[in-house]
Amino acid sequence: MHDLLVVGAGPYGLSVAAHAAAAGLGPRVFGRPMASWRDHMPRGMFLKSEPWASDLSDPAGRLRLERYCAELGTPARHGTPIPVETFAAYGQWFARHAVPGVDERTITRIAARPGGFEAMTDDGERVAARAVVLAVGVLPFVEIPPVLRPLDPALVSHSSHHADLDRFRGRDVTVVGGGQAALETAALLAEQGTRVRVLARADRLRWNDVPPPLDRPRTRALRAPHSGLGCGWRNWFYAERQGLYRRLPGTTRSRIAATALGPAGAWWIRDRVEGAVEVLTSHRVTAARPVPGGVRLELDAGAGRPSWSLETEHVIAATGFRATRDRLALLSPGLRADLATTPDGAPVVDHAFETTYPGLFLAGLITAPAFGPSMRFVHGATFTARTLLRGVRRHLRGSRPGGAVHVPVDRDLRGGVGVAGPA
């Protein structure tokens, strides 16, 4: 039985695995390194975060994006966005150096078993582990507005569904959303000759400011310090004090999770959108139905203006992600049901990212309700890896022989009765 199974090989999974490997835990890691970055983002996209805030985490801090870019001869500079392709290649490079032996098979099911957990791969192998870290990224949590969900995928897709946008050349596409994914997708579509418009519920588009230089007068730096999530003391708190953030009242955390760092476009995409893409603000889709050649959208323009409709060949919903317990489909039903949740449906995690089910840890977006907005960005991987590893080691000490723990029965294992916790 392995001490630790890490499911997912994106920035969070690789960072956790790097820290675990350096600690001598010998983690078993499953997933294609940087798969979502390689397969679900169109060519031509860039990271929104600064290069120095986009490092994966190894204990020694040697495998930074800056070092990788220097080896390529393309230094990572503050204020210069990094292409997604470069970042994906950096993650693969990181994996080769810090987490050799990543198993690229997919884990399809995880259930409880005596002494820990049993995972099943897509080709039928069973893997046992005392502790599991789920670092499944964002793709299980794709959110498409309910009004659009009944439509055929040929007519409606999510912005994360596209490795490239070539299929939309010369067509008419409507992008729903007002954040970076919507605006950058629209810009790329317009630049390849697609007729594209953006529908946003907000009354105007919002744009991030051009970042000030890293080196600036001390008084200015004190007024608005740099952080991995942008300038300002509030962003600094979200980026650098995740442990303190978790101690805020639950209602406060829920409010911040719903409002902080809301939809906005990066400063460097603005001139590629304004004047190039039709933008309809204060618009909400109230109904959608297929018509010959595409989709008819019924729109509420707000402010007492009359409703109207438009026809388009395809709708791309750049409407983000909703990370809830019920979308962790690879967990067996019994194991999933044993996870306590917040009022918003996200699994509860403790100060070390452990769920209410002993030995099951979470990393990434799904922990944002507990640890704040930095969990939505690569920048949160360092805090997560360091903190989570302490929780794993604590759990492993308690789950060894002599550390008896009560375990309820879980009947979700194929071929017999398992248990719902470590023995």
Side-chain angles (χ1 to χ4, degrees), residues 11-12 15 45-57 61 64-66 76-82 84 87 138 177-184 202 204-270 318 320-321 323 344 346 349 351 353 363-387:
Y12 280 80
S15 296
M45 282 193 165
F46 292 85
L47 292 190
K48 192 178 183 184
S49 55
E50 289 295 323
W52 53 267
S54 304
D55 295 322
L56 279 67
S57 181
R64 297 182 176 180
L65 176 60
E66 180 182 25
R77 296 188 178 91
H78 176 70
T80 301
I82 295 291
V84 162
F87 182 68
V138 300
Q180 177 67 12
L183 299 173
E184 193 169 11
R204 63 183 177 87
L205 296 182
R206 288 166 172 77
W207 303 96
N208 297 130
D209 295 329
V210 178
L214 285 175
D215 295 322
R216 53 195 169 129
R218 182 177 177 83
T219 55
R220 294 183 183 178
L222 286 174
R223 282 198 300 268
H226 279 291
S227 82
L229 302 185
C231 283
W233 283 105
R234 184 174 298 179
N235 287 339
W236 180 89
F237 176 73
Y238 298 153
E240 309 301 334
R241 293 294 181 267
Q242 298 96 330
L244 289 177
Y245 179 95
R246 187 185 169 277
R247 297 181 185 179
L248 295 173
T251 54
T252 301
R253 286 188 275 117
S254 294
R255 175 179 53 79
I256 293 173
T259 60
L261 303 176
W267 60 270
W268 44 262
I269 198 75
R270 187 168 186 170
F321 307 88
D344 295 332
V349 292
H351 65 280
F353 293 87
L365 173 67
I366 199 166
T367 67
F371 290 96
S374 70
M375 300 298 114
R376 291 155 41 191
F377 298 86
V378 176
H379 184 71
T382 296
F383 173 83
T384 298
R386 292 171 178 169
T387 307

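From a predicted model like this one, the values you see are computed outputs, not experimental measurements.
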Taking the side chain as every heavy atom from C-beta outward, state whether Leu47 and Phe377 have any atom pair closer than 4.5 Å. no
Output the distance between atom CD (Gln242) and atom OG1 (Thr384), rounded to the nearest 0.5 Å. 7.0 Å
Would you indicate whether the side-chain heavy atoms of Arg255 and Thr251 approach each other to under 4.5 Å? no
Within this structure, what is the CD1-CD distance for the pair Ile82 and Glu66, rounded to the nearest 0.5 Å? 10.0 Å
So, Asn208 side chain and Trp267 main chain: donor-acceptor pair closer than 3.5 Å or not? no
For the backbone of Gly79 and the side chain of Glu50, can you confirm whether one donor and one acceptor N or O come within less than 3.5 Å of each other? yes
Kindly say whether Gly262 contributes a backbone atom to a donor-acceptor pair with the side chain of Arg206 at under 3.5 angstrom? no
Restricting to non-hydrogen atoms, name the atom on Ala368 and the atom on Tyr245 that form the minimum distance, rounded to 0.1 Å. O-CE2, 4.3 Å
Please tell me if the side chains of Trp268 and Thr80 come closer than 4.5 Å, counting only heavy atoms from C-beta onward. no
Does the side chain of Asp344 come within less than 4.5 Å of Pro369's, by heavy atoms? no
What's the spacing between Leu261 CG and Arg234 CZ if we round to 0.5 Å? 10.0 Å
Roughly how far apart are Arg64 CZ and Ser57 OG, rounded to 0.5 Å? 9.0 Å
Nearest 0.5 Å, please: how far is CZ in Phe371 from CG in Leu244? 11.5 Å
Do the non-hydrogen side-chain atoms of His226 and His78 ever get within less than 4.5 Å of each other? yes
Could you check whether any side-chain heavy atom of Phe383 comes within less than 4.5 Å of a side-chain heavy atom of Met375, counting everything from C-beta outward? yes
Looking only at atom types and distance, does a side-chain atom of Thr367 sit under 3.5 Å from a main-chain N or O of Gly364, one as donor and one as acceptor? yes
Return yes if some donor-acceptor pair links the side-chain N/O of Glu184 with the main-chain N/O of Phe46 below 3.5 Å, else return no. yes
Is the backbone of Leu248 close enough, under 3.5 Å, to the side chain of Arg253 for a donor and an acceptor to pair up by distance? yes
Spacing of CG belonging to Asp55 relative to NE2 belonging to His379, to within rounding of 0.5 Å: 9.5 Å
Are Pro373 and Ile256 close enough that some pair of their side-chain heavy atoms sits under 4.5 Å apart? yes
